[in-house]
Amino acid sequence: MLGTMLPLAHAGHYLWVFYLVPVVIVIGGIVYSAIRERRGDDG
Amino acid sequence: MSLLPFAHALVARQDLPVPAWLFAWGASIVLIVSFFALAAGWRKPRFEQLHWRPLADGFSRGLLSLPVQVLCGLLGVFLAGVAVYAGLRGTEAPDRNFVIVFVFVTVWLGFPALSALFGDVFRPFNPWRAVGRTAGAAFRAIAGQQPAHLAYPERLGRWPAAVGLLAFVWLEVVYGATGGITVVISPHTTAVAILVYSAYTLAMMAAFGVEKWCERGEVFSVYFGMFSQLGCFGVQDGRLGRRRPLAAAGQWAKLPGSAAVVLASIATTSFDGAQEGAFLSPIESVFEWFVDRGLGLVASARLTDTIFILLCFAGVALIYELGLRGMRSIRNAPPLATLRSGFAHTLIPIALAYLVAHYFSYFVFLEQAQFTYLLSDPLGTASTDLFGTASGSIDFTVLSSTAIWYVQVGALVVGHVIGLTLAHDRALVYWPNYRLASRSQYWMLAVMVAFTCFGLYLLSVANS
């Protein structure tokens with residue numbers, strides 16, 4: 001019932017988001033560590 | 001209409017235990033774990049020295065002897081001649097004509113794998129090199145002096161090969177197969193292209209010298225030679241020998257334009273994998289935009305595909321450039337130009353992984369055709385049965401779609417882990433402090449994870 005109500009017909013078009021998650025996590029980790037390091041240098 | 005599976009990423013939807021995207025997450029975790037293992041335990045460069053050991057003298061002399069060189073050259077020229085003859089005189093059905101599978105599958109996909117395993121095996125079979133060397137020897141015999149060559153513009157480096165690589169793939173996947181309007185490049189066009197390329201190559205060899213052009217401009221020599229740098233066999237000072245695997249790759253990219261060659265390889269494979277999958281919808285939109293503006297169907301399709309193949313190249317280059325810029329932000333980093341050529345070789349295993357992942361099944365299936373009916377009836381006119389295999393066919397059950405998927409995932413993971421290892425090793429040269437070296441590689445880790453996830457996404461869409 002719920003399945004027919006949700007607009008899932010084009011859900012497949014957004015599967016790329018799942019492939020982007022690891023890239024975002026890695027880049028986020030790099031940026032986070034770079035900021036921490038810079039703050040450490042300033043301190 | 002072609003009966004052969006010319007849609008390159010040839011797999012059906014697989015029956016996987018988990019969603020395909022979870023493999024991308026798993027592959028990323030493998031890369032991250034590998035990265036930290038390298039940071040913890042790999043503190044001195046190990047691939048800067050070749051650790052060269054010559055093979056047995058008799059064996060080396062035998063393989064590199066003039067009669068063997070002549071024999072291999074003759075075989076290369078003969079096969080190129082058969083391909084051209086079949087293209088000009090054989091059937092126009094691409095699935096029955098020897099030239100299509102021979103050029104675009106057996107040679108183009110077979111030699112990268114052979115080269116990575118056994119070294120630069122294309123070199124002795126290179127038909128243009130054989131003709132060029134023969135012409136040079138004839139000139140020396142008649143004129144009694146060495147042929148005079150122009151000085152090769154060193155700034156060009158391997159750029160002619162990079163452009164040639166893009167042109168070759170453009171010919172195959174854009175000119176030949178444009179958005180379903182034509183199925184595949186015709187045998188006649190392929191034969192004409194070989195003749196045109198032969199004239200161009202021999203002219204360049206005459207101008208700059210055979211070996212110089214093979215090292216820098218001859219597309220096939222440069223492309224296959226690039227993959228041969230990964231393997232443990234090579235020739236040095238006229239002797240065949242063994243070296244540490246992957247070690248030769250670090251020296252390969254010193255010439256300008258080498259990075260462009262390896263980036264073009266990744267980009268063209270990506271485009272070929274994506275054009276009927278991930279990029280299908282945007283390609284259709286741009287194609288319709290051109291058609292709406294009055295451009296012909298074939299011209300619109302070719303123009304659209306050309307734009308997307310160039311966008312792929314720009315996208316792959318941008319990811320690499322971002323990784324380099326990230327490295328540049330680390331203390332004591334060398335200039336960007338040094339980093340650009342210094343890390344280009346780390347992409348060679350990725351280019352090979354992309355090739356295996358995208359074309360493994362295609363290669364296995366079409367080689368059955370190559371070594372059965374295409375070999376016995378090269379013209380495809382049902383007039384010959386040279387080896388009694390003209391009635392052979394392709395057995396598509398030799399590989400299951402699930403097995404193909406695991407090969408694809410395995411190739412991408414292994415290729416990127418090797419790329420990461422080479423990058424870490426090179427970073428230790430530029431940053432002798434291993435902590436700084438590891439920190440510089442955060443950005444290459446991001447590049448590798450991006451390439452892995454992008455590759456798996458393309459494959460998963462193509463497979464479905």
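Just so we're clear, the structure is a prediction, and the values are computed from it rather than from any experiment. Throughout, protein chains are lettered first and strands after them, A, B, ... in sequence-line order, and every chain is numbered starting at 1.
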For the atom pair [atom1] ([X]) and [atom2] ([Y]), what is the distance rounded to the nearest 0.5 Å?
{"X": "A:I25", "Y": "B:S28", "atom1": "CD1", "atom2": "OG", "result": "8.5 Å"}
{"X": "B:Q441", "Y": "A:I30", "atom1": "CD", "atom2": "CD1", "result": "10.5 Å"}
{"X": "A:L20", "Y": "B:Y457", "atom1": "CG", "atom2": "OH", "result": "10.5 Å"}

Most contacts with chain A, counted as non-hydrogen pairs under 4.5 angstrom, among B:L456, B:L31, B:T452: B:L456

Identify the heavy atoms of [X] and [Y] that sit nearest to each other, and give their distance.
{"X": "B:C453", "Y": "A:Y19", "result": "CB-O, 3.2 Å"}
{"X": "A:V23", "Y": "B:A450", "result": "CG2-CA, 3.8 Å"}
{"X": "B:W25", "Y": "A:P22", "result": "CD1-CG, 3.6 Å"}

Name the orientation class of the two ring planes belonging to B:W21 and A:F18 (parallel below 30°, tilted from 30 to 60°, perpendicular beyond 60°). parallel

For A:V26, is it the side chain, the backbone, both or neither that has a heavy atom under 4.5 Å from a heavy atom of chain B? side chain

